[in-house]
2 protein chains.
Amino acid sequence: MNTQSHTKSTSRSLPIALLRARETVMAPVRDMLQGIQLTEQKWRILRVLDEMGEVEQSAIANEACLLLPSLTRILRTMEADEQITRRQDNRDKRRTMVMITDVGRQILKENLATSLSISNSIEAQMGREKLDNLLDLLEELQAVKV
Amino acid sequence: MNTQSHTKSTSRSLPIALLRARETVMAPVRDMLQGIQLTEQKWRILRVLDEMGEVEQSAIANEACLLLPSLTRILRTMEADEQITRRQDNRDKRRTMVMITDVGRQILKENLATSLSISNSIEAQMGREKLDNLLDLLEELQAVKV
DNA sequence: TTTTAATAGTAAACATGTTAACTATAAGGA
DNA sequence: TCCTTATAGTTAACATGTTTACTATTAAAA
């Protein structure tokens, strides 16, 4: 008898189930990104910036689910690659405002079709209803206070 | 109009929703682990080993959702800390068999209660039914071929 | 106002994620 | 058997995750 015989088996463990599910979804996205020298994180950042316009770094971190120290490093290379621009905010000099560039937008544009076809493939196999159900449950889980 | 106006907003994006949900679930687990100098990955490895007995590294990687190069490094420190043992398999000398030690089991034992109370707290707030529903959907998503 | 506390971001250190190249061993086919 | 291919694992290099400590600036309290 093992130590955790009273616990859920790892196969029915929420953290691992979330991890595995994410692996499945991200595998084809990573294939796409590898072709264009972009990491999953940079892709998320570009999408958030395109969606939100010029925003401060904390907002990006929040939306793209990254910690600020990681973001600092990633934005440094993205700025060097001219995918984004950064400038100090005038009102609050602690803030750095970040914006996507045309280069960044071009990357999104060029990969939109592939990205969409991946989503569509998942939707086709799971069904719209189940997918919505899943997203609702995930949103609810996020809101839990542990 | 932004580039991805035809795409799902990031808030309704499956990869980010999975990431966020995982953050919520793992936050209290990380708090627990930080107190005992253990990373989330080492915790997963100990649980898998306790559950599966002596297994080869590929099996651990598979179960704990880790890549072999990561596992190689992590097991090296866990072996030094005497939480696991490793030995070459006689039949197939390519394989390394890994086993949890008493030290490792003790760590699990000492944190079982906390781990359980975290699970229970989530279950209490989401409800058993929804949680099962979520786990089923995640399992189904994992099985999708993209 | 002066002090104190909070916020935004960076730096450093160490662990893990990720890919590619490599070694050793085993399995299969000619 | 010899050659080829596949498998298990390691190493190296670079990117990100994670925590702690730090700077600069702003807000709030005394």
Side-chain angles (χ1 to χ4, degrees), chain A residues 15-16 19-20 22-23 26-46 54-81 83-84 86-98, chain B residues 15-16 19-20 22-23 26-46 54-81 83-84 86-98:
Chain A
I16 293 187
L19 206 50
R20 274 197 224 282
R22 190 156 197 287
E23 283 311 301
M26 288 312 296
V29 178
R30 279 206 204 101
D31 289 346
M32 167 185 90
L33 295 176
Q34 197 166 3
I36 54 171
Q37 307 286 306
L38 217 61
T39 61
E40 188 191 319
Q41 289 80 354
K42 290 177 181 177
W43 175 254
R44 285 211 300 277
I45 291 169
L46 288 179
E54 187 175 37
V55 286
E56 56 187 308
Q57 296 188 178
S58 298
I60 302 174
N62 215 42
E63 287 304 308
C65 228
L66 294 166
L67 294 178
L68 270 175
S70 293
L71 192 60
T72 294
R73 277 178 314 206
I74 298 172
L75 289 182
R76 191 184 300 147
T77 77
M78 291 181 79
E79 189 176 24
D81 293 339
Q83 295 159 357
I84 57 131
R86 300 203 292 173
R87 66 172 186 82
Q88 194 182 41
D89 184 50
N90 287 324
R91 283 162 215 183
D92 186 339
K93 289 178 181 171
R94 290 171 304 184
R95 293 176 197 225
T96 307
M97 304 303 288
V98 182
Chain B
I16 292 188
L19 206 49
R20 275 196 224 283
R22 189 154 199 287
E23 284 311 301
M26 288 311 296
V29 178
R30 278 205 204 102
D31 289 345
M32 167 185 89
L33 295 175
Q34 197 165 5
I36 54 172
Q37 308 285 309
L38 218 62
T39 62
E40 187 190 321
Q41 290 79 357
K42 290 178 181 175
W43 175 255
R44 286 211 301 274
I45 292 170
L46 288 179
E54 188 176 35
V55 287
E56 56 188 307
Q57 297 187 176
S58 298
I60 302 175
N62 216 39
E63 287 304 308
C65 228
L66 294 167
L67 295 178
L68 271 175
S70 294
L71 192 62
T72 295
R73 279 178 314 205
I74 297 172
L75 290 182
R76 191 184 300 147
T77 78
M78 291 180 80
E79 188 177 24
D81 292 341
Q83 295 159 356
I84 58 132
R86 300 202 292 173
R87 66 172 188 81
Q88 195 183 42
D89 184 51
N90 288 324
R91 284 165 210 168
D92 186 340
K93 290 180 180 171
R94 290 170 304 181
R95 294 176 198 225
T96 307
M97 303 303 288
V98 182

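Just so it is clear: chains get the letters A, B, ... in the order the sequence lines come, proteins before strands, and each one is counted from 1.
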- Task: Please collect all salt bridge (Lys or Arg N to Asp or Glu O under 4.0 Å) contacts where either partner lies in residues 26-36 of chain B, sequence neighbours excluded, each pair once.
- Result: B:Glu23-B:Arg30, B:Arg30-B:Glu40

- Query: Under 3.5 Å, side chain of A:Asp81 to main-chain N/O of A:Gln83, donor-acceptor pair present?
  - Reply: no

- Task: For residues 65-77 of chain A, pull every pair meeting salt bridge (Lys or Arg N to Asp or Glu O under 4.0 Å), keeping only residues two or more places apart or in separate chains.
- Result: none

- For A:Arg73 and for A:Glu40, find the nucleotide of DNA chain C with the closest heavy atom, then tell me which residue's nucleotide is more 5'. A:Arg73

- Note on the structure: Residue pair A:Arg91/A:Ile74 against DNA chain D: nearer the 5' end by closest nucleotide is A:Ile74

Tabulate atom names and distances for all N/O pairs under 3.5 angstrom spanning the protein and nucleotides 9-11 of chain C.
| residue | atom | partner | partner atom | Å |
| --- | --- | --- | --- | --- |
| C:dG9 | OP1 | A:Gln57 | N | 3.2 |
| C:dG9 | OP1 | A:Thr96 | N | 3.0 |
| C:dG9 | OP1 | A:Thr96 | O | 3.3 |
| C:dG9 | OP2 | A:Ser58 | N | 2.8 |
| C:dG9 | OP2 | A:Ser58 | OG | 2.4 |
| C:dT10 | OP1 | A:Arg86 | NH1 | 3.1 |
| C:dT10 | OP2 | A:Gln57 | NE2 | 2.8 |
| C:dT10 | OP2 | A:Thr72 | OG1 | 2.6 |
| C:dA11 | OP2 | A:Arg76 | NH2 | 3.0 |

- Message: In this structure, how many angstroms lie between the C1' atom of D:dT23 and the CD atom of A:Gln88, rounded?
- Response: 13 Å

- Note on the structure: In whole angstroms, the gap separating P of D:dA8 from CZ of B:Arg87 amounts to 16 Å

- Just jot down the side-chain hydrogen bond (donor to acceptor under 3.5 Å, both in side chains) partners of A:Glu56, sequence neighbours excluded, or say none. A:Arg95

- Message: Taking 4.0 Å as the cut-off, does a side-chain nitrogen or oxygen of A:Thr39 come that near to OP1 or OP2 on D:dT16?
- Response: yes

- Atom CD of B:Gln88 and atom NZ of B:Lys93: how far apart are they, to the nearest 0.5 Å? 6.5 Å

- Message: Without decimals, in angstroms, what is the distance between B:Arg44 CZ and C:dG17 P?
- Response: 7 Å

- Query: Under the side chain to side chain contact (heavy atoms under 4.5 Å, CB included) test, which residues partner B:Ile36, sequence neighbours left out?
  - Reply: B:Leu33, B:Leu38, B:Ile107, B:Asn111

- Note on the structure: Rounded to whole Å, the CG-C1' distance (A:Leu38 to D:dC14) equals 15 Å

- Task: Would you classify B:Arg30 as touching base, sugar-phosphate or nothing, given that sugar-phosphate means primed atoms plus P, OP1 and OP2, and contacts are heavy atoms under 4.0 Å?
- Result: sugar-phosphate

- Message: Going by side-chain hydrogen bond (donor to acceptor under 3.5 Å, both in side chains), name the residues that satisfy it together with A:Thr39, two or more places apart in sequence or in a different chain.
- Response: none

- Task: Tell me, please, which residues at least two apart from A:Pro15 pass side chain to side chain contact (heavy atoms under 4.5 Å, CB included).
- Result: A:Ser13, B:Arg22, B:Val25, B:Met26

- Message: If the condition is side chain to side chain contact (heavy atoms under 4.5 Å, CB included), which residues does A:Leu68 pass it with, not counting sequence neighbours?
- Response: A:Gln57, A:Ser58, A:Ala61, A:Leu71

- Query: Taking atom C1' of D:dA15 as reference, at what distance in whole Å does atom CG of A:Asp81 sit?
  - Reply: 13 Å

- Task: Send over the distance from A:Ile45 CD1 to D:dG17 P, rounded to a whole Å.
- Result: 9 Å

Would you list the protein and nucleotides 1-4 of chain D atom pairs, both N or O, that sit under 3.5 Å from each other?
none

- Task: Nearest whole angstrom, please: distance from the P of C:dT19 to the CD of A:Gln41.
- Result: 11 Å

- Task: Could you state the atom-to-atom distance from CD of B:Gln34 to P of C:dA15 in whole Å?
- Result: 14 Å

